[in-house]
Amino acid sequence: MAIDAKLLDWMLDSDPALRWQVERDLAGAPPEAWEATRASIPSTGFGAELLAQQDPDGQWAGGAFFPAGFFDSPEAQRPGQPWVATTWALKDLREWGVDAAVLTDTAARLQTNSRWDYDDLPYWSGEVDVCINAFTLASGAWLGVDVTQLAAWFTTHRLADGGWNCEAEEGDSVRSSFHSTLNAVRGLLAYETTTGDTSVREARRGGEEYLLSRQLLNRASTGERVGGFVEHFVYPNRYRYSALVALDHFRAVSIAEGTPPDARLADAVELVRRARQADGTWLQGARLPGRVWFDVDAPEGEPSKWLTLIGSRVLSWWDEARSATAQQTHGRGMDGS
């Protein structure tokens, strides 16, 4: 998919956390260019501002998943949850592309000072929620923590249908969740590509097959759309599933493994393509309620640079791969093989 020059310039006029990815994934910039932009994140814009909020004990907002004092405050009675505590800060910094070295001894400080709201468990051991453990696994690998035991947890907590569901740990479900399964496979891929440990690959691929067998969109039982959330595109997505986030994961898998896109992604790709506006942008959806340190994207209903980056690179990946396949097929037909 060709990117309009005006649209590209609009995306490039952005925070370094976004701009380096536009340079790498859409603009075709040489590595030295996008790597220089990426290196500026800790000192400029979103990255610098979020790093400045870190507490002396290594946490953010005094807590692991929720800020300190949350459950005894009026905020606990409001819709949503705060997105300011340690897990969310690490997730953002990692996904923005901050070099782990910038966080110096953060991992050690968290090991000493941070405990989960659930059962007071130590931070890097994880807890019982699949999504929380997926975020922790990816962040731990990024920061150089030995999280092999947490990785193994995913292999023993898969459900019979191939995926994961955080409600299963409470005994409330025996069926996998699109949300939980996508978060699990994203965390497992980040762990695998960071550490080189392939012991979780079979579990990851099983979770991906769960999503692929449903075309990323549909119930296995009826073939009907699993829910409106699949076409609710929002940045940051926090933990929520959408066809766009799922496709971005499968793009990452394709790049990591050197494999072509699975044909079963086609319906989700077309859903994403239909959501693109005439000017080439994607619009921000309704944000998840809750306190944030600062806004990183457009208000609801306005063109989103983050969603446009993700949507554009997903369609470019898909279209280029399909075009290459068609050319190979045509070439074989021409030479009679």
Side-chain angles (χ1 to χ4, degrees), residues 1 3-4 7-8 10-11 14 17-18 21-22 24-26 83 91-92 94-97 131 134-135 138 163 177-187 189-190 207-208 210-219 225-256 261-288 295-322:
M1 185 188 79
I3 305 296
D4 176 78
L7 181 65
L8 193 59
W10 174 71
M11 283 189 283
S14 58
L18 189 156
Q21 297 182 67
V22 177
R24 182 193 63 179
D25 298 336
L26 300 176
W83 310 106
K91 182 176 186 291
D92 283 343
R94 175 175 54 81
E95 293 182 351
W96 290 343
C131 297
F135 304 150
S177 153
F178 275 55
H179 303 284
S180 297
T181 300
L182 180 59
N183 284 315
V185 297
R186 292 182 77 194
L189 180 66
E208 289 162 357
Y210 168 86
L211 297 173
L212 287 167
S213 67
R214 292 154 175 78
Q215 295 80 44
L216 309 191
L217 305 172
N218 306 318
R219 299 182 186 277
R225 188 64 53 83
V226 68
F229 60 81
V230 299
E231 51 192 319
H232 175 204
F233 303 160
V234 60
Y235 187 89
N237 76 302
R238 307 299 182 188
Y239 65 89
R240 286 181 60 87
Y241 182 98
S242 75
L244 180 59
V245 179
L247 284 168
D248 203 39
H249 169 74
F250 281 99
R251 172 184 174 272
V253 171
S254 176
I255 292 170
D262 191 295
R264 291 172 290 179
L265 300 174
D267 288 350
V269 169
E270 292 314 306
L271 183 151
V272 168
R273 198 186 303 274
R274 289 194 299 272
R276 184 176 57 186
Q277 303 300 296
D279 62 0
T281 65
W282 278 261
L283 303 182
Q284 178 76 285
R287 294 180 180 176
L288 300 181
D295 290 331
V296 297
D297 202 3
E300 180 182 351
E302 294 188 10
S304 159
K305 292 183 180 182
W306 281 102
L307 295 178
T308 302
L309 160 69
I310 299 168
S312 296
R313 73 184 177 194
V314 161
L315 294 188
S316 293
W317 161 70
W318 175 266
D319 291 347
E320 289 169 10
R322 303 299 278 185

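Numbers here simply count residues along the sequence, with the first being 1.
- Annotation: side chain of Arg238 is in contact with side chain of Asp92 (closest heavy-atom distance under 4.5 Å).
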Original post:
Hey, mind stepping through Ile310 and Trp282 against side chain to side chain contact (heavy atoms under 4.5 Å, CB included) and telling me if it holds?
Top reply: CA-CA 9 Å; Ile310 299 168; Trp282 278 261; over 6 Å; no
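- Residues Gly163 and Thr181 come closest through the heavy atom pair CA-OG1, 3.5 Å.
- Taking CZ of Phe178 as the reference point, atom CZ of Arg240 lies at 13.5 Å (rounded to 0.5 Å).
- Aromatic ring pairs are classed by plane angle as parallel below 30°, tilted from 30° to 60° and perpendicular above 60°; the pair Tyr235 and Trp306 is parallel.
- If you run side-chain contact (heavy atoms from CB on, under 4.5 Å) between Asn237 and each of Leu307, Val245, Asp248, only Val245 comes through.
- With hydrogens and angles ignored, the 3.5 Å screen pairs a side-chain donor or acceptor of Asp262 with a backbone N or O of Arg264.
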Original post:
Given the rule in the side chain to side chain contact (heavy atoms under 4.5 Å, CB included) test, do Leu26 and Gln21 qualify, once you have shown the distances and angles that lead to the verdict?
Top reply: CA-CA 8 Å; Leu26 300 176; Gln21 297 182 67; over 6 Å; no
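- Heavy-atom minimum distance, Ala286 versus Val234: O-CG2, 3.7 Å.
- Residues Asp267 and Arg225 are not paired through a salt bridge, judged by the lack of any N-O separation under 4.0 Å between the basic side chain and the carboxylate.
- Atom OH of Tyr241 and atom CG of Leu217 lie 6.5 Å apart (nearest 0.5 Å).
- Considering CZ of Arg276 and OG of Ser312, their distance stands at 7.5 Å, rounded to 0.5 Å.
- Side chains of Arg251 and Asp25 form a contact here, defined as non-hydrogen atoms less than 4.5 Å apart.
- Salt bridge annotation for Arg287-Asp295: present, with a cationic side-chain nitrogen under 4.0 angstrom from a carboxylate oxygen.
- Closest of all the heavy-atom pairs between Leu216 and Ala246 is CD1-CB, 3.9 Å.
- We find that Arg186 and Glu95 are joined by a salt bridge, their nearest charged nitrogen and carboxylate oxygen being less than 4.0 Å apart.
- To the nearest 0.5 angstrom, Asn183 atom CG is 10.5 Å from His249 atom NE2.
- Under a 3.5 Å cut-off, the side chain of Ser213 and the backbone N or O of Tyr210 do form a donor-acceptor pair.
- Using a 4.5 Å heavy-atom cutoff, the side chains of Val272 and Phe233 are in contact.
- The pair Arg274-Glu270 does not meet the salt-bridge criterion, since no charged nitrogen lies less than 4.0 angstrom from a carboxylate oxygen.
- With values rounded to the nearest 0.5 angstrom, Glu320 atom CD is found 10.5 Å from Leu315 atom CG.
- Contact record, Glu208 with Val185: N-CG1, 3.8 Å, taken as the closest heavy-atom pair.
- Across every non-hydrogen atom of Ser316 and Ile3, the tightest pair is OG-CD1, 4.2 Å.
- Side chains of Leu309 and Val22 form a contact here, defined as non-hydrogen atoms less than 4.5 Å apart.
- With values rounded to the nearest 0.5 angstrom, Thr308 atom OG1 is found 8.0 Å from Leu283 atom CG.
- In this structure, Gln284 contributes its side chain and Ala298 its backbone to a donor-acceptor pair below 3.5 Å.
- With Thr281 contributing its side chain and Gln277 its backbone, the two residues share no donor-acceptor pair below 3.5 Å.
- The minimum heavy-atom distance linking His232 with Ser242 is given by the pair O-CB, 3.6 Å.
- Looking only at distances, a side-chain donor or acceptor of Arg219 sits under 3.5 Å from a matching main-chain atom of Val226.
- Looking at Lys305, its side chain does come within 3.5 Å of a backbone N or O of Trp10 through a donor-acceptor pair.
- Annotation: side chain of Phe250 is not in contact with side chain of Pro261 (no heavy-atom distance under 4.5 Å).
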